[in-house]
Amino acid sequence: MIDLRALREHPDAYRDSQRKRGASPDAVDALLSADAEHRSALQSFESLRAEQKGLGKRIAGAAAEEKQALLERTKTLAAEVKEAEARVTATAAAFEAAGKAIPNLVADEAPAGGEDDYVVLREVGERTKIEDPKDHLELGTALGLLDTERGAKVSGSRFYYLTGDGALLQLAMLNLAMQQAVETGFMPMIPPVLVRPDAMEGTGFLGEHADEIYYLERDEQYLVGTSEVPLAAYHSGENLGELTQPRRYAGWSSCFRREAGSYGKDTRGIIRVHQFDKVEMFSYCRPEDAAAEHEQLLSYEERMLQKMELPYRVIDVAAGDLGTSASRKFDCEAWVPTQGRYRELTSTSNCTTFQARRLNVKYRDEQGRNQVAATLNGTLATTRWIVAILENHQLPDGTVAVPKALQPYLGKEVLEPKK
RNA sequence: GGAGGAUUCGCAUAGUGGCCUAGUGCGCCCGCCUGCUAAGCGGGUUUCGGGUGAUACCCGAUCGCGGGUUCAAAUCCCGCAUCCUCCGCCA
């Protein structure tokens, strides 16, 4: 939810933001007029209601015959109040719908445009050069690390088993991510992955991404696509106090995505799957600290990628590709040798006050007033990283070197076929 | 799956149609008193919205959520949610 007061005062900033996303600035004017209508309905209701309450008080203490006269009067008034209230309800619904139609205000620094208008901030490491590289599926299958055929047999396409060292490799990576998170001040969390509608709604995932989400109709619960959802909803309706330091959480969870509309894309291997595991960083902080915290989250992502010894680049995602809640987003993309291009491994978003306003997460400022907090999230490791690890660290004989940072967790330096 | 109980201000509680403008205690904030500390005394303290670019003032909403009855609902009625207890079933 955007800041309505700010929108009233600076509607042009929001119109510009809409244009930058490639969305219509008319939505801003629709909201402004819905707001005006709602407020005028509210005012007429409130004055009628005030009169009704005043009369009610007089009736309580009135003598018998005066009481009769007053009762006559209040009966018609009651009808008017009811009608005014109905108008308030109707205009409020229209107003809310208009409000939800507007995504977060895009940061000034974010590039304008769509998916292909990102700006490359830096490239780190040398693009791996391998003669005749094998892809992760071929490597993983040969080494007994993953089994997509049986994944499909049991669950359908885009499902897989991580087997043997493959399972251990993922655990090693996620454990390392958790350890790094704890070292950098994150509270480790294993959250629920089934959530109620208000949690999903509050994090802004029921808008344009509704098709992406698994929904369990019998139980009215959603399977989360990221632990961002339960971590954001964790403090919903709460006041976090002074919040002089960011409040940081690291969630380890399975994630579920329907991948509707991605037919034919990345059908080979485990790049795009319906279920994967992830360690996600999540921060609550003051809005004025959010940009700095965003840089911090990005640096932690890069630290993890460097521990995996992967060549990657950092992109500043363009406004049109931001998603509803984000005002700015950085992706880290690792080099994938068999594809000859960079693929997204991490994503960190600054949602400013957009999520927290919906979820009603506050803090107390120096004057003791309640203010809306800012929220940020970022990826610290996911199943997809295995793709980049296998492909970049493959050796000519078909084995895969284990990055040094993972060796203590995995107990071996090379992944070899089972004898 | 079934039965019962609960849900009121940060916490604990009072409140069974109009004197609720939701009381009290604790906590917290401000002040007074005061060698120091503690205690004591006085005042303040739900949240959201509007008037309104406002920490004052006024108005409205808000007693888990949504409906209903009524001139009037924390209070009565219906539905739902969550938590607790018990019974049944179960990995």
Side-chain angles (χ1 to χ4, degrees), chain A residues 1-14 31-100 191-202 215-222 230 233-244 247 254 353-373:
Chain A
M1 196 71 193
I2 45 102
D3 182 350
L4 186 67
R5 202 165 288 197
L7 180 132
R8 272 189 212 136
E9 283 172 26
H10 311 289
D12 279 334
Y14 286 83
L31 178 58
L32 284 173
S33 73
D35 174 43
E37 233 169 281
H38 177 236
R39 277 200 287 174
S40 97
L42 205 56
Q43 271 169 37
S44 62
F45 163 73
E46 284 182 0
S47 64
L48 285 169
R49 181 70 178 137
E51 192 185 346
Q52 186 187 36
K53 281 175 78 168
L55 285 176
K57 238 163 258 173
R58 280 172 59 195
I59 288 171
E65 65 271 23
E66 193 194 352
K67 204 168 198 165
Q68 277 309 314
L70 285 172
L71 280 178
E72 286 305 311
R73 177 90 194 284
T74 50
K75 271 186 188 172
T76 58
L77 190 57
E80 286 174 39
V81 167
K82 207 165 192 174
E83 198 188 315
E85 192 172 18
R87 237 180 7 256
V88 168
T89 308
T91 55
F95 165 63
E96 258 174 56
K100 276 181 190 157
V193 294
L194 275 173
V195 300
R196 294 145 54 81
D198 50 345
M200 202 50 109
E201 174 74 41
Y215 177 55
L216 283 75
E217 200 163 343
R218 285 180 68 182
D219 303 287
E220 289 183 68
Q221 285 175 317
Y222 294 89
Y234 185 64
H235 283 304
S236 62
E238 295 183 20
N239 191 311
L240 301 179
E242 302 278 312
L243 203 60
T244 46
R247 185 93 62 104
S254 291
T353 57
F354 189 89
Q355 267 181 349
R357 188 168 288 106
R358 284 192 185 189
L359 291 165
N360 192 23
V361 182
K362 302 281 182 68
Y363 72 96
R364 214 174 298 283
D365 69 13
E366 276 77 13
Q367 284 76 43
R369 283 181 292 199
N370 295 333
Q371 305 282 359
V372 179

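Protein chains get the first letters and strands the later ones, always in sequence-line order, with residue 1 at the start of each.
B:C20: no Watson-Crick or G-U partner with both key distances under 3.5 Å is found in any strand. With a cut-off of 3.5 Å on both pairing distances, the Watson-Crick or G-U wobble partner of B:G27 is B:U45. Using the Watson-Crick or G-U wobble rule with both distances under 3.5 Å, B:C86 pairs with B:G2. The partner of B:C32, taking Watson-Crick or G-U wobble pairs whose two distances both stay under 3.5 Å, is B:G40. Taking a pair to require two hydrogen-bonding distances under 3.5 Å in either a Watson-Crick or a G-U wobble arrangement, B:U7 pairs with B:A81. Pair assignment for B:A56 gives none, since no Watson-Crick or G-U wobble pairing has each distance under 3.5 Å.
Where A:N370 and A:A78 each meet RNA chain B at their nearest nucleotide, the meeting point lying more 5' is that of A:N370. Both A:R8 and A:T89 sit near RNA chain B, but only A:R8 has its closest nucleotide nearer the 5' end.
Near RNA chain B, defined here as any heavy-atom distance below 4.0 Å, the residues from residues 46-53 of chain A are A:E46, A:R49, A:A50, A:Q52, A:K53, listed numerically.
Between A:T91 and A:L42 there is no side-chain heavy-atom pair separated by less than 4.5 Å. At a threshold of 4.5 Å between non-hydrogen side-chain atoms, the residues A:R364 and A:Q371 do not count as touching. A:V361 has its side chain within reach of A:L240: a pair of non-hydrogen atoms, C-beta onward, lies under 4.5 Å apart. Considering only heavy atoms from C-beta on, A:S236 stays 4.5 Å or farther from A:N360 through its side chain. Taking 4.5 Å as the limit, every side-chain heavy atom of A:P197 sits out of range of all side-chain heavy atoms of A:Q221.
With both ends at atom C1', the span from B:C63 to B:U46 equals 10 Å, rounded to whole Å. With both ends at atom C1', the span from B:C11 to B:U75 equals 24 Å, rounded to whole Å. Of the C1' atoms belonging to B:U45 and B:G23, the separation is 15 Å, rounded to the nearest Å. Comparing the C1' positions of B:G2 and B:G64 gives an interatomic distance of 24 Å, to the nearest angstrom. Taking atom C1' on both nucleotides, B:C26 is separated from B:G17 by 31 Å, rounded to a whole Å. Here, B:G1 and B:C78 have their C1' atoms 23 Å apart, quoted to the whole Å. Here, B:G79 and B:G42 have their P atoms 49 Å apart, quoted to the whole Å. Rounded to whole Å, the P atom of B:G4 lies 32 Å from the corresponding atom of B:G10.
Considering only side-chain N and O atoms, A:R39 lies under 4.0 angstrom from the phosphate OP1 or OP2 of B:G51. Not one side-chain nitrogen or oxygen of A:K75 sits closer than 4.0 Å to the OP1 or OP2 atom of B:U70. Contact between the side-chain N/O atoms of A:R196 and the OP1/OP2 oxygens of B:U82 is found at a separation under 4.0 Å. Side-chain nitrogen and oxygen atoms of A:K82 include at least one within less than 4.0 Å of the OP1 or OP2 phosphate oxygen of B:U69.
To the nearest angstrom, P of B:G10 lies 20 Å from OH of A:Y363. Separating the CD atom of A:Q43 from the P atom of B:U52 is a distance of 8 Å, rounded to the nearest angstrom. Summarising the geometry, the separation between CZ on A:R5 and C1' on B:G53 is reported as 9 Å, rounded to the nearest angstrom. Rounded to whole angstrom, the span from the CD atom of A:E201 across to the P atom of B:C65 amounts to 19 Å. Going from atom CG of A:N239 over to atom C1' of B:C9 covers 14 Å, rounded to whole Å. The CD-C1' distance, from A:Q371 to B:U47, rounds to 14 Å in whole Å. Atom CG in A:N360 sits roughly 17 Å away from atom P in B:U46 (whole-Å rounding). Protein atom CG of A:D198 is 18 Å distant from nucleotide atom P of B:G64, rounded to whole Å.
Rounding to the nearest 0.5 Å gives a distance of 11.5 Å between CZ of A:R8 and OH of A:Y14. With rounding to the nearest 0.5 Å, the separation of CD in A:Q43 from CG in A:L48 is 12.0 Å.
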* Go through the steps for A:R49 and A:Q52 under the test side chain to side chain donor-acceptor pair (under 3.5 Å), then give the verdict. => CA-CA 5 Å; A:R49 181 70 178 137; A:Q52 186 187 36; 2.7 Å; yes

In a table with atom names and distances, give each donor-acceptor pair under 3.5 Å that connects a side chain of residues 74-84 of chain A to protein atoms at least two apart or in another chain.
residue	atom	partner	partner atom	Å
A:T74	OG1	A:L70	O	3.1
A:T74	OG1	A:L71	O	2.9
A:T76	OG1	A:R73	O	2.8

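Here A:R364 lies out of heavy-atom contact (under 4.0 Å) with every strand.
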